[in-house]
Protein chains: 2
Amino acid sequence: MSSFISFLNTLQPLSPALTQALLASTTPERLPAHHCLLQPGQVARRVYFLEAGLVRGYTLLHGREISSWFMQAGDFVISILSFFTQQPSEEYLELLEPSVVHSITYDQLQRLYHDFPEFNFIGRRVLEKYYVLSEQRAQTLRSRTAAERYELLLRDFPTVFQRVALHHIASHLGMAPETLSRLRNKPS
Amino acid sequence: MSSFISFLNTLQPLSPALTQALLASTTPERLPAHHCLLQPGQVARRVYFLEAGLVRGYTLLHGREISSWFMQAGDFVISILSFFTQQPSEEYLELLEPSVVHSITYDQLQRLYHDFPEFNFIGRRVLEKYYVLSEQRAQTLRSRTAAERYELLLRDFPTVFQRVALHHIASHLGMAPETLSRLRNKPS
DNA sequence: GAGCGAATATGACATTTGTCAAGAAAAGCC
DNA sequence: GGCTTTTCTTGACAAATGTCATATTCGCTC
């Protein structure tokens, strides 16, 4: 059984018909590092499930990359603004490692919500989880000093950031790469 | 008809039975300014709909108040982390103005989701809307300078912040109140 | 494993922002 | 309306962070 089907099953048992419909709507894809799932100007047509790999969401502001989040195996990956509004994106979704993704289009997803009302329950639960994460990230950003922000990141998300380049972490925390480098090498 | 019922109706027409169940689960309340809907340590048992007034969500960090968001008439108000996880809150929900709120408990809401599967559709849509807002707020926080953050806030949320005290806006934007005061009185 | 390019580290200095203090303005309260 | 309390403003200075320049290290490719 596909990995993301078994993940959804943990939220609520899927009927055989729904399982069948999900399998019919998705196919796994193996993609190389640096592959771009979405670019500014495009409308996000798909939501992805990451079976393996690492993905970064980022935007360009005044010519600088600002990393919004990082997702790893077992996560859903999506441009929140573009997918839910079906308006052109302002953000990039970029693979940081070779990855295996399953995906489903916006239209297919709406059809599933329509044909299987109980699937709305699952959609709601998944949304709740990522909404909570988004709020947690925002909270971190409101810490006063650069040191505090980095400390909170390590406390709340200790695993992901082992695999992410430091200059990406710095942009995620709203500081210069040099500042992060100094934080890490100074006495705590 | 109650204001929040008619709001939900715009997302998807409510069946008479669902309308009836919603009305039976909620009663409007008139509350004074400075009333606290939630405090740290308490589990968020209710989600509120603001018919009139203004609410602030904030946390204490190193003895300082950090404002996470502000909601006005027509908005749903909730402690995302505490309500969805049903764990003790770390945040305050405080009325900034005399307000009229409708509310429903976690248990009543789960019952509605169970008894009226189509209500999951509405719950999902509402979540999507606020998730988008949350991401937008987070994006603002990642702007480099204090001036940029304030500029984005005015661009994206021009109305709400007319009614919010400046020191609250400052804490929301992660800067000292003095910094915000200077931004506003200097040539742009 | 040698060589290349990107990522990280480090130093010097400029700029932004925070802190503290004091005064002005505004808002709430009898 | 006058009083009190809070909020906002402004100045001087200190601290934190950004910028630029230059190593140094790391990771890839051949």
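Order of the sequence lines fixes the chain letters, A, B, ..., with proteins taken first and strands second; residue numbering starts at 1 for each chain.
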S.K.: Can any side-chain N or O of S89(B) pair as donor or acceptor with the backbone N or O of E91(B) at less than 3.5 Å?
M.R.: yes

S.K.: Does R56(A) pair with E65(A) as a salt bridge, N-O distance under 4.0 Å?
M.R.: yes

S.K.: Look at the aromatic rings of Y131(A) and F84(B) and report parallel, tilted or perpendicular, splitting at 30° and 60°.
M.R.: tilted

S.K.: Over all heavy atoms of both residues, which pair between S171(B) and S67(B) is shortest? Give the atoms and the distance, please.
M.R.: OG-N, 2.9 Å

S.K.: Taking all non-hydrogen atoms of both residues into account, name the closest pair between F116(A) and A21(A) and its distance.
M.R.: CE1-CB, 3.8 Å

S.K.: Return a single string for nucleotides 7-20 of chain C, one symbol per nucleotide in 5' to 3' order, where B is base contact, S is sugar-phosphate-only contact and - is none, cutoff 4.0 angstrom on heavy atoms.
M.R.: SSBBBB----SSBB

S.K.: Identify whether the distance between the nearest side-chain nitrogen and carboxylate oxygen of E135(A) and R137(B) falls below 4.0 Å.
M.R.: yes

S.K.: Classify the ring geometry of Y106(B) against F83(B): parallel below 30°, tilted from 30° to 60°, perpendicular beyond 60°.
M.R.: perpendicular

S.K.: Atom pairs under 3.5 Å, N or O on each side, protein against nucleotides 27-30 of chain C: can you list them with distances?
M.R.:
none

S.K.: Tell me whether R124(B) is salt-bridged to E128(B), with the criterion being a basic N under 4.0 Å from an acidic carboxylate O.
M.R.: yes

S.K.: Just so I know, are the side chains of M175(A) and T145(A) near enough to count as touching, which here means a heavy-atom distance under 4.5 Å?
M.R.: no

S.K.: When the ring planes of F70(A) and H172(A) are compared, do they come out parallel, tilted or perpendicular, using 30° and 60° as the limits?
M.R.: perpendicular

S.K.: Do nucleotides 23-30 of chain D as a string where each nucleotide becomes B, S or -: B if the base has a protein heavy atom under 4.0 Å, S if just the sugar-phosphate does, - if no protein is that close.
M.R.: --------

